[in-house]
*Asks:* 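This is the structure, below, for whatever I ask next.
Every chain is numbered from 1, with letters handed out A, B, ... down the list of sequences.
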2 protein chains.
Amino acid sequence: MSEAGPLVLLVEDEPQMRRFLRATLTARGFRLVEAETIAAAEIAATSQPPDLVLLDLGLPDGDGIDFARRLRGWTQVPILVISARGREADKVEALDAGADDYVTKPFGVDELLARMRVALRHAARAQSGVAEPLLEIGALRIDLARREVAVDGRALHPTPIEWKLLVLLARNAGKVITHRQILREVWGPGEGHQTHTVRVHMASLRKKLETDPAQPRWLLTEPGVGYRLREASDA
Amino acid sequence: MSEAGPLVLLVEDEPQMRRFLRATLTARGFRLVEAETIAAAEIAATSQPPDLVLLDLGLPDGDGIDFARRLRGWTQVPILVISARGREADKVEALDAGADDYVTKPFGVDELLARMRVALRHAARAQSGVAEPLLEIGALRIDLARREVAVDGRALHPTPIEWKLLVLLARNAGKVITHRQILREVWGPGEGHQTHTVRVHMASLRKKLETDPAQPRWLLTEPGVGYRLREASDA
DNA sequence: TCGCATCTTGACACCTTCTTGATGGCAGCC
DNA sequence: GGCTGCCATCAAGAAGGTGTCAAGATGCGA
């Protein structure tokens, strides 16, 4: 069960502080993208939109506050400023520029984590009811949030493994997924699992999904390679 | 024509600090309601819902953190804690209890005002969506403000944990909530809790809510994943 | 201090799900 | 034809999740 943690963009030029935060945050399950300069941060923020930004002021190539202001122009991602500047005017400027919180160095890790939780809480609340993750492949509808699958309006009741299997294939509809990939994504990076097990679960999934499991409409076998979910456009 | 500023509930027992904040805030156009005790604050919060709460910890009649937690049970109003306690553990506890920010005394007025602006900014963004103190799912009615539940007109009396559990599921009616989510939302981000405990509380909640706990109408089990509250539209 | 409500933990039975092994089909190749 | 590799299906035991009961711990108000 590897739920991917929130993605944090860390904008910080001191290597020491970066190393420290990297260790702390990855240990807590956060995924991390790092940037040493504002230029790099701009690219990272657009190419891989984070769930939260940890922003150090006083970077080599410009003021972090301007970066925060530009970010606010197009996204509501929580911005948490970490700065050595403790002057009140600095805090006010950053907060009014769009930052959501301001922590002065040196700071306690637990406090930082707690404030990050607050920021993520706010973001989650704002986003709720907006994005409904829904996969649709022809008559096959997969609602990720509700964990429901339906073919031609008929609801299925997949077991946990069948669900993971189906979502994996549906997310890559049309592409071939190798046995190896399936084992890694569904069963985790550990070993000791066999391709045979995949076949058994595929069979039970077909029994639920297909009208004629012997002549699959959706779950196609790629002999010697793996499996593939038929795309909507396929014949 | 003086536009009415945001309504601030100030919970603070020191007369000196109250006088100071009253002067500062009214000068900036805020309207103010003051409370010296938690009991008074509870009444004020319900009778005159504020736009923001300034909460001092260490009040004469109880812990301000509990007040914050109760408040969070039915409203999303921003809570800004002002405290003389500067210990990190205190901050973490308050923030995890639902506070949105934590300022230690002595503080700068400008910083406080900036943080209040941030909080109000968040609230304004969140309120553009919804703010429903009454959840209705079929014959199930949940009054968040009054902390009351009723099925088919019959009132339930849930324990604190059962209440949190039910509200969590009702807020996400139809969606599956994983065991992990339940533990995090109901018991807090700390660890050391087991899914077994969830099952026990779910059982007792079913006993109160369902006519036949063995054949649940509302509280559905998603094997291997979590639980789900049936939507009104479901069969 | 006692009693009450609540929460946690352990034990156990029940059931679903998962894994593994066995068997047969099918195609390609010697 | 016989062999080999790959796949699908079935069946049975193993493993793990779920619901329930009950005992002990904890906290709170009388």
Side-chain angles (χ1 to χ4, degrees), chain A residues 1 147 149 156-166 169 176-180 182-183 185-188 190-228, chain B residues 38-39 61-63 65-66 69-70 73 147 149 156-166 169 176-183 185-188 190-228:
Chain A
M1 228 181 277
R147 206 181 174 282
V149 203
L156 308 187
H157 297 282
T159 70
I161 283 190
E162 288 163 11
W163 168 260
K164 282 192 188 177
L165 202 49
L166 183 58
L169 290 168
V176 180
I177 312 294
T178 66
H179 296 129
R180 191 179 304 268
I182 293 176
L183 285 173
E185 295 289 330
V186 176
W187 275 267
E191 336 283 313
H193 288 283
Q194 308 179 4
T195 320
H196 177 52
T197 312
V198 177
R199 275 197 283 274
V200 176
H201 285 285
M202 187 62 65
S204 62
L205 187 54
R206 275 182 176 145
K207 204 182 298 183
K208 292 179 182 176
L209 183 60
E210 307 279 0
T211 46
D212 180 8
Q215 306 269 319
R217 272 203 301 170
W218 276 290
L219 298 168
L220 309 182
T221 301
E222 295 288 335
V225 187
Y227 294 92
R228 178 167 65 96
Chain B
I38 291 191
D61 64 338
D63 195 349
I65 290 183
D66 291 328
R69 209 172 271 126
R70 274 197 299 280
R147 205 185 173 284
V149 204
L156 308 186
H157 298 282
T159 70
I161 283 190
E162 288 163 12
W163 168 259
K164 281 193 192 176
L165 202 50
L166 183 59
L169 289 168
V176 178
I177 312 295
T178 66
H179 297 128
R180 192 183 303 267
Q181 280 179 288
I182 293 176
L183 285 174
E185 297 289 329
V186 175
W187 276 267
E191 15 262 305
H193 288 282
Q194 309 180 0
T195 49
H196 177 54
T197 312
V198 177
R199 277 197 289 276
V200 176
H201 286 284
M202 186 63 65
S204 61
L205 186 55
R206 275 184 176 143
K207 206 180 296 184
K208 292 179 182 177
L209 182 60
E210 306 279 359
T211 46
D212 180 8
Q215 306 265 320
R217 271 203 300 170
W218 277 292
L219 299 168
L220 308 182
T221 301
E222 294 289 333
V225 187
Y227 294 92
R228 179 164 64 98

*Asks:* Say whether, by atom type as modelled, one donor and one acceptor occur between the side chain of B:Lys207 and the main chain of B:Pro213 under 3.5 angstrom.
*Replies:*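 No, because the side chain of B:Lys207 does not come within donor-acceptor range (under 3.5 Å) of the backbone of B:Pro213.
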*Asks:* Separation of B:Asp66 atom CG from D:dG27 atom P, in whole Å?
*Replies:*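 Going from B:Asp66 (CG) to D:dG27 (P), I get 13 Å.
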*Asks:* Hey, does A:Trp187 have a side-chain heavy atom less than 4.5 Å from the side chain of A:Thr197?
*Replies:*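 A:Thr197 reaches A:Trp187 side chain to side chain.
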*Asks:* Below the 4.0 Å mark, does C:dT19 have OP1 or OP2 next to a side-chain nitrogen or oxygen of A:Trp187?
*Replies:*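 Answer yes for this pair, as a side-chain N or O of A:Trp187 is under 4.0 Å from OP1 or OP2.
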*Asks:* Taking atom P of C:dA5 as reference, at what distance in whole Å does atom CG of B:Leu156 sit?
*Replies:*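 Taking atom P of C:dA5 as the reference, CG of B:Leu156 is at 17 Å.
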*Asks:* Whole angstrom is fine here: how far is it from CD in B:Glu222 over to P in D:dG19?
*Replies:*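 Distance, rounded to whole Å: 11 Å.
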*Asks:* So which atom in A:Arg206 and which in A:Pro216 form the shortest heavy-atom distance, rounded to 0.1 Å?
*Replies:*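 Scanning both residues completely, I find the closest heavy atoms to be NE-CG, 3.7 Å.
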*Asks:* Starting the side chain at C-beta, find the nucleotide from D:dT9, C:dT19, D:dG19 nearest to B:His196.
*Replies:*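 It is D:dG19.
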*Asks:* So, OP1 or OP2 of C:dT8: does either fall under 4.0 Å of a side-chain N or O from B:His201?
*Replies:*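 B:His201 to C:dT8 OP1/OP2: side-chain N or O found under 4.0 Å.
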*Asks:* Round to a whole Å and report the spacing from CD of B:Gln194 to C1' of C:dG10.
*Replies:*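 Those two atoms, CD and C1', are 10 Å apart.
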*Asks:* Between A:Arg199 and D:dC7, is there a contact of a side-chain N or O with OP1 or OP2 at under 4.0 Å?
*Replies:*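 Checking A:Arg199 against D:dC7: at least one side-chain N or O falls below 4.0 Å of OP1 or OP2.
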*Asks:* Could you tell me how far apart A:Asp212 (CG) and D:dA8 (P) are, to the nearest whole angstrom?
*Replies:*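 Checked: the CG to P distance equals 13 Å.
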*Asks:* Please confirm whether the shortest side-chain N or O distance from A:Ser204 to OP1 or OP2 of C:dT17 is below 4.0 Å.
*Replies:*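 No, no such contact exists.
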*Asks:* Given atom CD of A:Gln215 and atom P of C:dC26, what is their separation to the nearest angstrom?
*Replies:*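 Value for this atom pair: 12 Å.
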*Asks:* Are OP1 or OP2 of C:dC7 and a side-chain N or O of B:Thr159 less than 4.0 angstrom apart?
*Replies:*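 Checking C:dC7 against B:Thr159, a side-chain N or O does come within under 4.0 Å of OP1 or OP2.
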*Asks:* Under 4.0 Å from OP1 or OP2 of D:dG19: is there any side-chain N or O of B:Tyr227 that close?
*Replies:*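 Looking at the OP1 and OP2 atoms of D:dG19, one of them is under 4.0 Å from a side-chain N or O of B:Tyr227.
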*Asks:* Pick the closest DNA chain D nucleotide for B:Pro223 and for B:Lys207 by heavy atoms, then say which residue is nearer the 5' end.
*Replies:*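 Residue closer to the 5' terminus by nearest nucleotide: B:Pro223.
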*Asks:* D:dG17, OP1 or OP2 - any side-chain N/O from B:His179 closer than 4.0 Å?
*Replies:*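 No, no such contact exists.
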*Asks:* In this structure, how many angstroms lie between the C1' atom of D:dC7 and the CD1 atom of A:Ile182, rounded?
*Replies:*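 Atom-to-atom, A:Ile182 to D:dC7, this comes out as 14 Å.
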*Asks:* Go nucleotide by nucleotide along DNA chain C from the 5' end; which of B:Thr197 and A:Pro158 gets its closest nucleotide reached first?
*Replies:*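 It is B:Thr197, whose closest nucleotide lies nearer the 5' terminus.
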*Asks:* So, does A:Thr221 get its side chain near the phosphate of D:dA8, meaning an N or O under 4.0 Å from OP1 or OP2?
*Replies:*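 So the side chain of A:Thr221 is within the cut-off, an N or O lying under 4.0 Å from OP1 or OP2 of D:dA8.
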*Asks:* Should we count CZ of B:Arg147 as having more than 12 external heavy atoms under 6.0 Å?
*Replies:*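 It does: B:Arg147 CZ has more than 12 such atoms within range.
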*Asks:* Could you state the CG-P distance from B:Leu219 to D:dT20, rounded to the nearest angstrom?
*Replies:*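 Result: 12 Å.
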*Asks:* Show the nearest heavy-atom pair for residues B:Glu210 and B:Arg217, with the distance to one decimal.
*Replies:*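 Answer, listing the atom of B:Glu210 first, then B:Arg217: OE1-N, 2.6 Å.
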